[in-house]
Amino acid sequence: MPTFFVVLISIYLAGNIYIFRRGAQALVAQPFGVKVLLAVLFWCGALAFIGSFLARNTKLPVVLAHTAHEIGTGWLVFTLYMVLCLIIFDLFRLFNFPCKYGFYISLFLTLSLLSYGYYNYQHPKTEVFNIVINKQTVHNEQPLKVVSVSDVHLGYGTDKEELKQYVEMINAQKPDLILIGGDLIDNSVVPLYEEKMTEELAELKAPLGIYMVPGNHEYISGIRKSMQFINETPIRLLRDDVVTLPGGIQIIGRDDRSNKSRLSLQELVKNIDPAKPVILLDHQPYNLSDTENAGIDLQFSGHTHRGQVWPVSLITDHLFDQSYGYRKWGNSHIYVSSGLSLWGPPFRIGTDSELVVFNITCK
């Protein structure tokens, strides 16, 4: 993992050096003082990402920490699209089609994309699926409404004000049951306590309960600290646990892959009644054929974000057998969510933030 981050930071810095050099060429006619000022602002933005990550467990004023986080992580996507645009103009120049204003056009296109991506991120969509499970429960008259979310990433990125909007969005569905597919917490529990986010989470309402499994970010934040925070909310955390709801529906909550000692799915299904409906929560959607073979009726996962922005979404589509959306594997219904919020950069380009509603009928 450290090697991965070293490579990632090296590529990131190389991309910023490339943008800086192209910018210096475009601004060659500007006064020296202007160039120095823009250079300082540029590198403050570029290095804010590294600074915000290193300071994630530091108690800072909320507004300052939130701003630094959004600038720092947002610069990742700024770098991505600026580099892609500038490479295109460099290729034009290579084939004797130079463009005098290539840098400025690249900057305009990038900022336009980021504006769209920010707007899109701020407006999550609601996906509704009607699921029929060919098993009986005690009460079969009305469909069970299950609101499912993943990857909220509470912290300096997703703050208390955004959490309030998400809670209102969830409660507006009047769910019977709420499921959280991991990564409720981002990189640290410090901002969650600073903003008293337990107050908003306490407003979640579902008569059959609120259940959650850990994601990899609960481990990044420190699994014990994450558990302590979640225990102060109405959410019940499942780590290789099985819960049977009134009526007979069973929920299997798998611990995240970050725990190398977690139980296998085959071990977990020994504790269920296969004649009754089974819902599986598993943060990372790997080995989905095991889900089908284990007789799971519905699996809900997250983790992928579907890459958040194009063309990263092409990579996640390649890495996962199912990186996003609904698919039926044999008799198993599997849904991989792109997440209600996101990690890092506050942009959705080519993907959407979402809340997922399952209307489950058992017969």
Practice task
Check the angle between the aromatic planes of Y193 and F229 and answer parallel, tilted or perpendicular using the 30° and 60° thresholds.
Solution key: perpendicular

Handout entry: Min side-chain heavy-atom separation L107-F78 under 4.5 Å
Key = yes

Practice task
Using a cut-off of 6.0 Å, state whether more than 12 heavy atoms not belonging to N331 lie near its atom CG.
Solution key: no

Completion exercise
To the nearest 0.5 Å, atom CG of D90 lies from atom OH of Y18 at 3.5 Å

Hey, can you pull the donor-acceptor pairs under 3.5 Å for the side chains in residues 163-174, sequence neighbours left out?
| unit_1 | atom_1 | unit_2 | atom_2 | d |
| --- | --- | --- | --- | --- |
| N171 | OD1 | K205 | N | 3.0 |
| N171 | ND2 | E203 | O | 2.9 |

Handout entry: Ion pair K135/D273, N-O distance below 4.0 Å
Key = no

Exercise for the section: Run the salt-bridge test on K125 and E127 with the 4.0 Å N-O cut-off and return the result as yes or no. Expected result: yes

Practice task
Return the minimal non-hydrogen interatomic distance between F103 and A26, and the atom names on each side.
Solution key: CB-CB, 3.8 Å

Practice task
Please check if the distance between the ring centroids of H305 and H153 is under 6.0 Å.
Solution key: yes

Practice task
Measure the acute angle between the ring planes of W343 and H217, then classify it against the limits of 30° and 60° as parallel, tilted or perpendicular.
Solution key: tilted

Exercise for the section: Taking the side chain as every heavy atom from C-beta outward, state whether L342 and R348 have any pair of such atoms under 4.5 Å apart. Expected result: yes

Practice task
Starting from L263, walk the hydrophobic network (Ile, Leu, Val, Met, Phe, Trp, Tyr; side-chain heavy atoms closer than 4.5 Å) and list everyone else you reach, by chain and number.
Solution key: V242, I252, L265, L268, V269, I272, V278, L280, I296

Practice task
For F358 and V128, run side chain to side chain contact (heavy atoms under 4.5 Å, CB included): C-alpha distance rounded to whole Å, both residues' side-chain angles, the deciding distance at 0.1 Å, then the answer.
Solution key: CA-CA 6 Å; F358 297 110; V128 180; over 6 Å; no

Handout entry: Criterion side-chain contact (heavy atoms from CB on, under 4.5 Å) against I360, the qualifying member of N130, D176, V146
Key = V146

Practice task
Using atom types as modelled and distance alone, determine if a side-chain donor or acceptor of D240 lies under 3.5 Å from a backbone N or O of D255.
Solution key: yes

Problem - Side chains of I178 and Y211 in contact at under 4.5 Å (non-hydrogen atoms) - result: no

Problem - is_close_aromatic(W75, F42), centroid dist under 6.0 Å - result: yes

Exercise for the section: Look at the side chain of H66 and the backbone N and O of Y156, then say whether any donor-acceptor pair between them is shorter than 3.5 Å. Expected result: yes

Handout entry: S301 side-chain N/O to D282 backbone N/O, donor-acceptor pair under 3.5 Å
Key = yes

Practice task
Taking salt bridge (Lys or Arg N to Asp or Glu O under 4.0 Å) as the test, write out the residues that go with R21, two or more places apart.
Solution key: none

Handout entry: Under 3.5 Å side-chain donor-acceptor pair for H283 and N216
Key = yes

Exercise for the section: Keeping the roles fixed (side chain from S221, backbone from S188), state whether a donor-acceptor pair exists under 3.5 Å. Expected result: yes

Handout entry: Crowding at CH2, W310 (>12 non-hydrogen neighbours, <6.0 Å)
Key = no

Problem - T126 (side chain) donor-acceptor with L355 (main chain) under 3.5 angstrom - result: no

Problem - Mutual orientation of the aromatic rings belonging to Y104 and Y101 [parallel < 30°, tilted 30-60°, perpendicular > 60°] - result: tilted

Problem - Closest non-hydrogen atom pair, S323 against T304 - result: O-OG1, 2.6 Å

Problem - Distance (rounded to the nearest 0.5 Å) between Y326 OH and K328 NZ - result: 5.5 Å

Practice task
Using the six-membered ring of Y286, assess whether NZ or CZ of R257 lies under 6.0 Å from its centre and within 45 degrees of the ring axis.
Solution key: yes

Problem - Donor-acceptor contact present, side-chain Q122 to main-chain Y119, <3.5 Å - result: no

Handout entry: Qualifying residue, where the test is side-chain contact (heavy atoms from CB on, under 4.5 Å) with R239 and the options are E218, M227, R262
Key = M227

